[in-house]
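Following: one structure in structure tokens, then a few remarks.
Since the model is a prediction, treat every value here as computed from it, not as a measurement. Numbering of residues begins at 1 and proceeds along the displayed sequence.
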Amino acid sequence: QVQLVESGGGLVQPGGSLRLSCKASVSMNSIYSMGWYRQAPGNQRELVAVITNGGSRNYADSVKGRFTISREFAISTVYLQMNSLKPEDTAVYFCHARVDLLNFWGQGTQVTVSS
């Protein structure tokens with residue numbers, strides 16, 4: 001079982017920035033990929049950004065150029081730096097990890113972009 005602990009959500013004004021963190025309970029050597037999904041009320045959960053064990057990154061078109069996913073291998077932590085935030089980025093953000101063909105999820109952290 002893999003535990004994922006998220007932090008960093010909150011309320012921010014449009015144009016502002018937030019950084020989300022997600023720490024895994026296992027070594028990153030055993031994780032195929034880690035990433036972030038989000039779900040707004042009434043919408044399906046969607047991929048925001050993902051980074052693979054090999055370092056490849058993939059982003060949703062809606063966040064390209066504004067969000068950056070990175071990692072600290074030694075502490076099994078993935079970050080999502082979110083800049084130029086828009087009201088439509090408001091959602092619950094979930095950390096995700098794929099380990100041995102299994103999917104694991106964090107509890108979610110709320111991000112609200114509003115003036």
Side-chain angles (χ1 to χ4, degrees):
Q1 193 76 1
V2 178
Q3 308 293 328
L4 300 172
V5 179
E6 302 138 333
S7 60
L11 173 64
V12 64
Q13 292 187 341
S17 298
L18 281 175
R19 189 176 80 155
L20 305 182
S21 301
C22 174
K23 182 173 176 58
S25 61
V26 298
S27 167
M28 263 190 179
N29 287 316
S30 61
I31 298 174
Y32 173 73
S33 68
M34 283 186 73
W36 294 91
Y37 287 69
R38 66 186 181 187
Q39 187 167 17
N43 290 357
Q44 289 188 334
R45 193 172 295 190
E46 62 176 2
L47 173 69
V48 177
V50 64
I51 184 167
T52 68
N53 199 354
S56 298
R57 294 167 170 83
N58 194 29
Y59 297 93
D61 288 343
S62 59
V63 306
K64 283 180 181 177
R66 300 189 297 123
F67 291 11
T68 302
I69 190 168
S70 62
R71 62 185 177 179
E72 277 194 68
F73 220 87
I75 58 171
S76 299
T77 299
V78 169
Y79 305 98
L80 185 68
Q81 178 66 43
M82 305 185 293
N83 299 328
S84 302
L85 283 160
K86 305 175 181 179
E88 50 264 43
D89 295 317
T90 296
V92 178
Y93 284 69
F94 295 91
C95 181
H96 170 265
R98 188 155 179 87
V99 181
D100 294 334
L101 303 180
L102 298 176
N103 294 305
F104 297 92
W105 296 93
Q107 78 282 2
T109 184
Q110 177 70 44
V111 171
T112 302
V113 185
S114 175
S115 55

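The shortest side-chain heavy-atom distance between V111 and V113 falls under the 4.5 Å cut-off. In this structure the side chain of L85 reaches within 4.5 angstrom of the side chain of F67, judged on heavy atoms. With contacts defined as side-chain heavy-atom distances shorter than 4.5 Å, the pair R71/M28 qualifies. Counting heavy atoms from C-beta outward, F73 and N53 have side chains that approach closer than 4.5 Å.
Screening residues 8-115 for disulfide (SG to SG under 2.5 Å), with sequence neighbours left out, gives C22-C95. Sorted by first and then second residue, the salt bridge (charged side-chain N to carboxylate O under 4.0 Å, His left out) pairs with a member in residues 27-44 read R38-E46, R38-D89; sequence neighbours excluded.
By the side chain to side chain donor-acceptor pair (under 3.5 Å) test, Y59 is found to be paired with no residue, residues two or more places apart in sequence or in another chain being considered. Among residues two or more places apart in sequence or in another chain, the side-chain contact (heavy atoms from CB on, under 4.5 Å) test is passed with S114 by L11, T112. Annotation: side chain to side chain donor-acceptor pair (under 3.5 Å) contacts of N83 (sequence neighbours excluded): S17, Q81.
Across T77 and S21, no two heavy atoms sit closer than the pair CG2-CB, 4.5 Å. The heavy-atom pair separating A97 from I31 by the smallest distance is CB-CG2, 4.3 Å.
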What do the steps show when you test M82 against V48 for side chain to side chain contact (heavy atoms under 4.5 Å, CB included), and what is the final call?
-> CA-CA 11 Å; M82 305 185 293; V48 177; over 6 Å; no

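Open room surrounds CG on D100; 12 or fewer heavy atoms of other groups in view lie less than 6.0 Å from it. No more than 12 heavy atoms of other residues, nucleotides or ligands lie within 6.0 Å of CD in Q44, so this atom counts as exposed by the packing criterion.
Remark: side-chain polar atoms of S76 are paired, donor with acceptor, to backbone N or O of V26 under 3.5 angstrom. A side-chain donor-acceptor contact under 3.5 Å links E6 to the backbone of Q107. Not a single donor-acceptor pair under 3.5 Å links the side chain of R98 to the backbone N or O of Y32.
Considering I51, I69, V63 in turn, I69 is the only one that fulfils the side chain to side chain contact (heavy atoms under 4.5 Å, CB included) rule with W36.
Taking Ile, Leu, Val, Met, Phe, Trp and Tyr as members and joining any whose side-chain heavy atoms lie under 4.5 Å apart, directly or through other members, the hydrophobic cluster of Y37 also contains L47, V50, V92, F94, W105.
Stacking of R19 on the aromatic ring of Y79 is recorded, both the 6.0 Å distance cut-off and the 45° axial limit being met.
Following chains of ILVMFWY side-chain contacts shorter than 4.5 Å, one cannot reach I75 starting from L4, and the two form parts of different hydrophobic clusters.
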